[in-house]
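Written out below as structure tokens is the structure these notes cover.
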There are 2 protein chains.
Amino acid sequence: MARRNDHSRDEIREMALKAAETIILEKGKDGLSARKIAQEIGYTVGTLYLIFKNLDDLILHVNGRTLERLYEKLSSEQQSSSDSKTALLQLAKTYINFAENESNRWKVVFEHRAQTDNTTPEWYQERVGKMFTAVETHLSRLAPHKSPSEIKDAARALWGGVHGICMLALTDNLDITGVESADTLTQSLINNYLAGFTAG
Amino acid sequence: MARRNDHSRDEIREMALKAAETIILEKGKDGLSARKIAQEIGYTVGTLYLIFKNLDDLILHVNGRTLERLYEKLSSEQQSSSDSKTALLQLAKTYINFAENESNRWKVVFEHRAQTDNTTPEWYQERVGKMFTAVETHLSRLAPHKSPSEIKDAARALWGGVHGICMLALTDNLDITGVESADTLTQSLINNYLAGFTAG
DNA sequence: CTAATTTATTGAACATTGTTCAATTAATAA
DNA sequence: TTATTAATTGAACAATGTTCAATAAATTAG
């Protein structure tokens, strides 16, 4: 039983998020419960509700951290290497690799329903937006003549596509065997898309 | 209170699935519960468990019907019209239109976790596979020189892409305003992809 | 037509869930 | 040492999925 002032609010917060991340990774969203998190960190349910509005709020923060972690991976890719096309292909591999390694965590990002007030907080939307920045960078290098809004749209079309293949593969909805198929298919998607995009 | 033999097993089954579909459409997956379905059809929870293994099983059948309904829509598209490229663009519009109209039902198809034994039944996998047939038909017309396995992969790459954009739009993860953006983005994805695919 | 048998349907019971908040207990101030 | 403050608890509530002995309606036998 934790004693008063054993941990600061922020420490408890961090412990709770870490515990939740572990549970989700191992058992998926259905394995998660407020009481399990509490038990894991040596506090009781009540304490969690002093720090998070509710369990949805807690999960939203877990998801925010998942996005952040993927962003780190994507943006730390060495830009130096060769051409932008290769870089984009590599970004997709990193993306898929991340989604596979942390598949339960990644799925929760999309399983989690919107808040009751139906608005995602601004800090979360920002992290979503950041997911496309690396893609935009390379696309604008490949097609310097395109306008910023064309680049923005293209990044969302292409990366939405990569995401779709990845998710279908994770959820076993591709009607195809093997997980490496996601890699092959995204490479094909990117190659063909770029052919049209850079020509147009 | 329903009396014995008021309805056959199949009738109760159909009533339960219809009720579940309505609840999901209106309130989403979280609004669904065994007791609500039972109350809606005038039976009690116990009866549902005589017909379905459990609630997951029931939802799996709802999802199967959702896939079937989309398949009907996609395959009834008049093939006669113009070229295959136009047909593919139209297929995407139908797909997105369906996903938006029945967004809660469509989301459940992907929110729903795999069974505990982790295997999706064969009848379900079949319906998943059918989602790609119309796409394959048009792709093979556009690129007659490609092998069947190339066509199969291309259909999954392209349609996975369409799906990704669609889902990101539905779940508000595109960092872009307006739902019509899904339409614009998929059209761009298809046009550019085909440019590369038919050339390569 | 009644009694015995079968079986469709019930609903109470159980464990578990999210969430709240008066009660408690430890730290701090007086 | 006592009084005050506030961090933490955990019992309580409503709702969930699931089970299965009990019930009651239909069917069959006598």
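Among the atoms of the strands shown, base atoms are found under 4.0 Å from some heavy atom of A/Thr47.
A/Glu136 has a carboxylate O that lies under 4.0 Å from a charged side-chain N of A/Arg156, or vice versa, which qualifies the two as a salt bridge. A salt bridge between B/Arg65 and B/Glu14 is present, with a side-chain N of the basic residue lying under 4.0 Å from a carboxylate O of the acidic one.
What you find for A/Tyr95 and A/Val162 is that their closest heavy atoms are CD2-CG1, 4.0 Å.
Residue B/Leu55 contributes atom CG, which lies 17 Å from atom P of C/dT17 at whole-angstrom precision. Taking atom OH of A/Tyr43 as the reference point, atom P of C/dT19 lies 21 Å away to the nearest angstrom. In this structure, B/Arg35 places its CZ atom 14 Å from P of D/dA14, rounding to the nearest Å. Spacing between atom CG of B/Asn54 and atom C1' of D/dT16 amounts to 14 Å, rounded to whole angstrom units. Distance OH (B/Tyr49) to P (C/dT7): 25 Å, rounded to an integer number of Å. The CD1 atom of B/Ile51 sits 11 Å away from the C1' atom of C/dT9 (whole-angstrom rounding). Across the protein-nucleic acid pair, A/Asp57 atom CG and C/dT19 atom C1' stand 14 Å apart, rounded to whole Å. Atom pair B/Asp56:CG and D/dT16:P shows a separation of 16 Å (rounding to whole Å applied).
A/Tyr71 carries A/Lys130 over the face of its six-membered ring, with the cationic atom under 6.0 Å from the centre and within 45° of the normal.
For the OP1/OP2 pair of D/dT16 and a distance below 4.0 Å, the side-chain nitrogens and oxygens of B/Lys36 include at least one atom meeting the criterion. Considering only side-chain N and O atoms, A/Ser33 lies under 4.0 angstrom from the phosphate OP1 or OP2 of C/dT17.
Between A/Phe110 and A/His163, the two ring planes are tilted [angle within 30° to 60°].
Nucleotides of DNA chain D nearest to B/Val45 and A/Ile12 differ in position, and the one nearer the 5' end is that of A/Ile12. Nucleotides of DNA chain D nearest to B/Leu50 and B/Leu32 differ in position, and the one nearer the 5' end is that of B/Leu32. Both A/Gly46 and A/Ala34 lie near DNA chain C, and the one whose nearest nucleotide falls closer to the 5' end is A/Ala34.
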